[in-house]
Amino acid sequence: MNKTPKNKKLNLSFSRKSLAYPYVLFLIVFVVLPLVLILINAFVADGQLTFQNFIDFFSDGSGLTVLGNSLVIGFVTTLLCLVLGYPVAYFLSKYHASSKVLVLLFVLPMWVNFLIRTLSTKAIFLALDVELGMGTVVFGMVYNYLPFMILPLHTTLSSISNSYIEASEDLGADKLTVLIKTVLPLSVPGIISGITMTFIPAISTFAISELLSNRQIYLFGDSINMQFTTGQNFGVGSVMSLIMLVIVVLGNLLMNKFNKEGNTRSVL
Amino acid sequence: MTKQTSKIIELKNVCKSYDDKPVVKNTSLSIKRGEFVTFLGPSGCGKTTTLRMIAGFEHPTSGQVLFNGQDITTLPPHKRNINTVFQRYALFPHLTVFGNIAYGLKIKRIPDGEPFVNKKGQTVQKMRKFTKAEIQAKVDRALKMVDLEDYGHRSVDSLSGGQQQRVAIARALVNEPEVLLLDEPLGALDLKMRKDMQLELMSMHQKLGITFIYVTHDQEEALTMSDTIVVMKDGQIQQIGTPTQVYDEPANAFVADFIGESNIFSGNMVKDFCVEFVGHRFECVDKGFKKNEPIDVIVRPEDIRIVDANDSNALVKGVVQTCVFKGDHYQITAIIKVDEEENEMLIHDNVKVDEGQTIGMYIKPFDLHIMHKARLINTLEGVMYDKGIVEMCGGRFECNADLEEGTPVTIKVDFDDVEICDDEEDGVIGATVVSSMYKGSYYQCIVRTDDYYDFFVDTDYDWLKDDRVGIKIAPDKIIVQRIEKDEQNA
């Protein structure tokens, strides 16, 4: 703590650091503290320090199934988003003069609350007599997370200097070769951040799966939610939150590693 | 097989415009096999656009581009046996030096074995890729050529500007193009490195024997390296010639001003072999001009010899204003005063003179370059807006003509009657300064209005290129004439 010496005048000038204090306080109360609570809850059962919560979670098959389901749906969603989003982002970056409006159109769904979007998707499926299940869940996920894939891809793709493309053509590459050998490798940072922005929310989401599968399919986010609310099992819920956290951190580390190995230099 | 002609590249009436704004205007030229050609001109003169049309990145709005006599006007770049060294190198950041140079080789397909006739009776040529060993050998050779033998594994970002430049050249040359295009490749290098690279490029050109087309705005670079210089301005070719021709016999005042330093004066041709400027008459070698035709005279500073003021050789006398040592010569400015008119003369000589000293100057008749004036008076068309007001170039000017409203007219304004003002708002119309050229006692500027009319203006000030200015003309200086047309009354 800074103590102002008595013989000096009160220093009224702010240091730039002090502007960050409100957020640091917020961070401590709403992020660090809950994390500590999760940690404590995970290792405490019946008032004792124990691994019982972990044993409970890993011995219960359904919990692991949910985790497996989440990862699979996360992978599939991310893959579909990439496959669908890349051509869109590429197309948008090619016509950048008039594309502002187009980009807006593609990102517009982000402006509507995801619950409303998901509920209306459900209504459409019901009206069309589509059976709710895995397929509809993946659809809902892709629909929700596609903009998060397109935006970083679009940013990266449109920042690739045209001279690289011209250099590639000049060296004998036709349009397809230019795409595969120049544009694709140069857009790796965009792909990485697109994947990060899609995969991590996708595995931890709740509500989308619940709504679009008529409560048949539970994802990890849903079951954490249930442990805390209906189950009132704070111990196992905390263990699951911890596992989630570990997956997210590992995912991020992996992506960062990729990014460094691939190229961080392409966005010039 | 392509027919071997001596002309490897030909442009025929090539025009290029962006959004109706012409960038290259009706350009025709042919480039011989093995030649080192330089497109030289100020920025925005269309030289890079011309190069890009040869490379295939741009397609002409009209006209033809021929390669070995074949029309390649719309052929995409990857099908042309032409490679480019880009202005900012455009080395692929995701590849190593080796990967960059091998890029073209990995894509290329080459004939595999002799062509044979298949069962259907068609002649078939099997194609294959280069093998790893072949690519390795070619890249190594290219690296050796640019003195970067041990740099193959390096990432391009770890290289200095000069090294990146060499990689870019190696990457283009490894594909064995028939024509190498270089778009201001040395612009980002420092002076010393630029000089070294110039020499290296010249020796590469000699060794390889392929055609180099080089784009630059640096006249010295062009004079040093080229076999042929194409001087361009405003999308038009001003002169094509060897460095000596372009320097010694500039086609017009622009070329003279752009290439090397020069004194440009307005004068008039008294008679054959006799020209008058800076208030004196000089003997010259030119003839065939009209009697008393106003002309531009160009004298290179190094063609003026300083002699004693009382020497019989002194054609004209002047007072030294400055004398600056430039290493291999003194740069002297002298004022030649005749009556009230003062003209400034720039001289390069290797004698030191004192400021304020009166010197004599001698110029060989052969060294006076005389050329027709591009324009004698600004002439444009307009319409009477009202009595006493004429509309031209989107602005309404007061004038002394009282023709009826709506009368189409031609308007003439002398160069020194056009006024330029600093603030665009102060003028009747706005315009952009295109060029400014010192003519001994005044500057001749060209300012372009927003509907692309170029006003020639004689002014006392040096206006900055690309500056926005306003144009004013005093009412009594506007000469308005009715356009007499038969159909007008119909």
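What you see is a predicted model, and the numbers here were worked out from it, not measured in a lab.
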Checklist entry - side-chain contact (heavy atoms from CB on, under 4.5 Å) with B/His78: which of A/Asp170, A/Thr177, A/Asp174? => result A/Asp174
Checklist entry - So which part of B/Asn83 gets closer than 4.5 Å to some heavy atom of chain A, the side chain, the backbone, both or neither? => result both
Next on the checklist: If we define contacts as heavy-atom pairs under 4.5 Å, which of B/Gly104, B/Ala172, B/Pro177 has the most with chain A?
Outcome noted: B/Gly104
Item to check | Under 4.5 Å from any heavy atom of chain A - which part of B/Leu105 | outcome: neither
Item to check | Over 12 foreign heavy atoms within 6.0 Å of CZ, B/Arg88 | outcome: no
Checklist entry - Any side-chain donor-acceptor pair under 3.5 Å between B/Tyr103 and A/Thr182? => result yes
Checklist outcome for this item: Residues passing the side-chain contact (heavy atoms from CB on, under 4.5 Å) test with A/Leu146, sequence neighbours excluded, are A/Cys81, A/Leu84, A/Ile150
Checklist outcome for this item: Taking every heavy atom of A/Ala167 against every heavy atom of B/Ala90, the minimum-distance pair comes out as CB-O, 3.9 Å
Checklist entry - For the atom pair NE2 (B/His94) and OH (A/Tyr164), what is the distance rounded to the nearest 0.5 Å? => result 10.0 Å
Checklist entry - Can you check whether A/Leu171 reaches B/Arg171 side chain to side chain, under 4.5 Å on heavy atoms? => result yes
Checklist outcome for this item: Separation between NZ (A/Lys181) and NZ (B/Lys106), nearest 0.5 Å, reads 6.0 Å
Checklist entry - Does a sphere of radius 6.0 Å around OH in B/Tyr151 hold more than 12 heavy atoms from other residues, nucleotides or ligands, not counting ones at 6.0 Å or beyond? => result no
Next on the checklist: Just checking B/Tyr18: does its OH atom have more than 12 heavy atoms from other residues, nucleotides or ligands closer to it than 6.0 angstrom?
Outcome noted: yes
Checklist entry - To the nearest 0.5 Å, what is the distance between OG (A/Ser168) and CZ (B/Phe92)? => result 4.5 Å
